[in-house]
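Order of the sequence lines sets the chain letters (A, B, ...), proteins ahead of strands, with each chain counted from 1. Note that the structure is a prediction, hence the values are computed from the model and not measured.
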Amino acid sequence: MKVLIERLAAALDTVLALGLLAMVVLACVNVALRYIWSFSLLWADEALVFSMVAVSFLGLIGVSARDQHLRMSMVLQWAGRRATFAVRLVEYLVTIVVCAFVGFQSWQVVSRLYARGTLSNMAEVPLWLVNGLVLVGLAGMALVALTRLVAALRHGQEVDE
Amino acid sequence: MTWTLLLLPLLLMVMGFPIFLVLLTAAAATMVFTMQIPLVALQQFLFSSVNAYALLALPFFILAGDLMGRGGIAQRLVDLMRASMGRVPAKVPLTAATSGAIFGAITGVGAASVATISRVMLPHLREEGYPDRFNAGLLVSVGAVGVILPPSIPMIVYAAAADESIPRLYSAGILPGLLIVGLIGLYSLWVGRKSQVAGDEAFTLRRFLAAAKEGIWAAGVPVVIIGGIYGGIFSPTEAAAVACLYAFVVSFAVMRVLTLRDLLASARTTVAYTAQIMIVIACAGVFSWLITVNQISIAMVGVIQDMALPNWALLLVINLFLLLVGCLIDPLSAILLLTPLLLPLITAVGVDPVHFGIIVTVNLAIGLFTPPFGINIFVLQSLSRMPLGTIYRGIVPFFGLYLFALLLITYVPDLSLAGVWLLMGK
């Protein structure tokens, strides 16, 4: 399961990386159009911001799978292996609960936006889709934490060790 | 409410939980246990905190910095700087300080400045033998100068909140910003001498010309960014995108160092950094909003009012208060929230609103690199994988420098107002 998630996360990261490069191209094209043909892609700014939101929240799945979240590790460095293991178990549990809880709130917003069929102002992107990125990111983090928790409980030790 | 907003995050942070989880858990617990507001606000603030055009500069500048690093542009720029400085001690940290301040000023996003300068300068600082503690303090603190030097986004927000003139605030920010850069430069010189990091060969025209020939394309990057923004050609975000394109074209087609595989690797790295940083920004947005709606800051202003202090003590207390707020809330929210509350207090004792704007901005700039939630710290940690303890320890002397500058700025109003008189004539 862990390997599968890591592979999926790596594939998703590649797609997001290509998306990021496309964002750079779009921003540059918009500048060029403005100066060369006095014409602007009005939807471009909104599309760029939504793409950044996608990179931010979908990228979290890879960050979680590789355990790259920013944290203050000072105190844990001094703690023993058992204490560290126990804290990590609590962390996985809190991640699952909090991400599931906030994800549920996110789901409510997304389903409401879906029912209304609201579109963004300029790019006319369905807003449920853009807001849904938060939901996918949170669900992905919860799933990664769940697999880590199960693995840690099964093997009785930190899975990454 | 106090335990969920103050004690719980502190406990989780000490336990080494990811920063986003610390903030999100505290926010969720506060909303569930102590407040009567719809919980869907959690999603809305998470989304709206990152759904901002100004933040686009962050991934673009991270990508530009990474491409410059991989493609050899950064190396050539540093070589050019070294060749032009000869035996000047501490020339690498001086280069980092100067370029960080310029970058911060032109992007207006302190975190983007830290991202770019760290990618480019950290390997050189390490190569020269500077300890990571110093490197960390230098990079996170110099990134904060960008919000003091014009064009500064927090100053625009202050101008709106205080009904002040933006050009007057910009003029007032120049000398204080330069003062801080100067102090960081002097400290870097002192560290350079103390660490006996040698300035290498003496300056020779031949060496300089050779480095200039090699670095002529590389020097185009700051020209594109600075010239583009100040020439009114593009916005800071667009400048970041153009810098990415320029860095790629020069490294790929002219220098022939970068490959398409490197480009994809660079983009993948940027995706990871962006996600790491943006989730902290998103969760900090929710946390910041909760501090605001729970009127914690307003209660603190009430306490200051009740103290009935003399002018100098009032300014001191307000500075301490702003420093504390800056550690917890993002600068823009803090300005919008506190300016209407503090301005009447401060103008009643004869402080110029423009001068006060600079005091507020410097205080909140300090918050960008001070624990627990200074965003510059997390950007550097994400890019360098330095232990947070090393970064915290490294910040201390730079925090001292900023405090010294803040005292000067607070008690010598002319330091800020001279810029207004010189540039605006009144």
Side-chain angles (χ1 to χ4, degrees), chain A residues 13-14 16-21 23-28 30-31 35 45 48-50 52-53 55-63 66 68-77 79 84 87-88 90-91 94-95 98-99 101-102 104-110 112 130-131 133-135 137-138, chain B residues 12-22 24-25 28 32 39-44 46-47 50-53 55-56 58-60 63 233-234 237-238 240-242 244-245 248 263-268 270-272 274-282 371-372 378 381-382 387-389 392:
Chain A
D13 276 357
T14 305
L16 293 173
L18 292 170
L20 179 70
L21 295 175
M23 286 163 64
V24 172
V25 173
L26 176 59
C28 294
N30 211 21
V31 173
Y35 284 101
D45 286 353
L48 284 170
V49 175
F50 290 162
M52 177 186 66
V53 174
V55 167
S56 304
F57 283 100
L58 300 184
L60 284 174
I61 299 169
V63 168
R66 292 185 297 273
Q68 287 178 322
H69 280 295
L70 303 173
R71 62 176 80 231
M72 193 178 92
S73 50
M74 230 178 351
V75 177
L76 273 188
Q77 282 168 0
T84 307
V87 169
R88 290 291 263 178
V90 177
E91 181 195 314
V94 172
T95 307
V98 171
C99 287
F101 174 73
V102 182
F104 177 69
Q105 308 308 325
S106 179
W107 167 253
Q108 289 189 314
V109 174
V110 172
R112 215 175 291 169
V130 193
N131 276 264
L133 295 165
V134 180
L135 174 61
L138 290 168
Chain B
L12 297 181
M13 204 146 174
V14 169
M15 285 171 73
F17 277 33
I19 306 296
F20 91 88
L21 192 59
V22 169
L24 198 57
T25 307
V32 170
L39 295 168
V40 288
L42 270 170
Q43 147 77 21
Q44 285 162 344
L46 272 180
F47 179 72
V50 293
N51 185 29
Y53 182 75
L55 284 177
L56 253 179
L58 192 66
F60 286 170
L63 181 62
I233 301 168
F234 20 77
T237 301
E238 290 171 339
V242 174
C244 290
L245 189 68
F248 170 68
L263 176 67
L264 188 62
S266 195
R268 281 177 60 109
T270 306
V271 166
T274 304
Q276 283 175 331
I277 296 162
M278 287 296 190
I279 187 65
V280 176
I281 292 176
F378 300 121
Q381 192 205 7
S382 150
L388 215 48
Y392 282 174

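You'll find the side chain of F104(A) stays beyond 4.5 Å of the side chain of L39(B), heavy atoms only. Side-chain contact between F248(B) and L21(A) is absent, with no heavy atoms from C-beta onward closer than 4.5 Å. A heavy-atom distance below 4.5 Å is not found between the side chains of E91(A) and M15(B). For the pair V87(A) and F17(B), the minimum side-chain heavy-atom distance is below 4.5 Å. Side chains of L60(A) and H69(A) form a contact here, defined as non-hydrogen atoms less than 4.5 Å apart. Looking at S106(A) and N131(A), their side chains never come closer than 4.5 Å, going by heavy atoms from C-beta outward. In this structure the side chain of R66(A) reaches within 4.5 angstrom of the side chain of D13(A), judged on heavy atoms.
A donor-acceptor pair under 3.5 Å is formed between the side chain of Y35(A) and the backbone N or O of I233(B). Judged by distance alone, the side chain of Q43(B) and the main-chain N or O of V134(A) form no donor-acceptor pair under 3.5 Å.
At a 4.5 Å heavy-atom cutoff, L133(A) makes no contact with chain B through either its backbone or its side chain. Only the side chain of L21(B) comes within contact range of chain A, with heavy atoms under 4.5 Å apart. Of the atoms belonging to V98(A), it is side-chain heavy atoms, and not backbone ones, that fall under 4.5 Å from chain B. For a residue to count as touching a neighbouring chain, one of its non-hydrogen atoms must lie under 4.5 Å from one of that chain's; by this rule V40(B) touches chain A with backbone and side chain alike. Contact annotation for V130(A): both backbone and side-chain heavy atoms come within less than 4.5 Å of a heavy atom of chain B. Contact annotation for F378(B): both backbone and side-chain heavy atoms come within less than 4.5 Å of a heavy atom of chain A. Contact of L48(A) with chain B is made through backbone and side chain together, with heavy-atom distances under 4.5 Å. For I281(B), no part lies under 4.5 angstrom from a heavy atom of chain A.
With chain B as partner, the option from V110(A), V24(A), V55(A), V102(A) having the largest number of non-hydrogen pairs under 4.5 angstrom is V24(A). Heavy-atom pairs under 4.5 Å with chain B were tallied for G137(A), S56(A), G62(A); the largest tally goes to S56(A). Options L245(B), V242(B), T274(B), N51(B) differ in how many heavy-atom pairs under 4.5 Å they form with chain A, and the most are formed by N51(B). No other option in C244(B), P371(B), A52(B) has as many heavy-atom pairs under 4.5 Å with chain A as A52(B). Ranked by heavy-atom pairs under 4.5 Å with chain B, the list C28(A), A27(A), G19(A), G59(A) is led by C28(A). Between chain A and the residues I279(B), V22(B), L12(B), the largest count of heavy-atom pairs under 4.5 Å involves I279(B). Across L58(A), L18(A), V109(A), N30(A), the residue that shares the most heavy-atom pairs under 4.5 angstrom with chain B is V109(A). Most heavy-atom pairs under 4.5 Å with chain B: of the set Q108(A), R112(A), Q105(A), this distinction falls to Q105(A).
The heavy-atom pair separating Y53(B) from E238(B) by the smallest distance is OH-CG, 4.0 Å.
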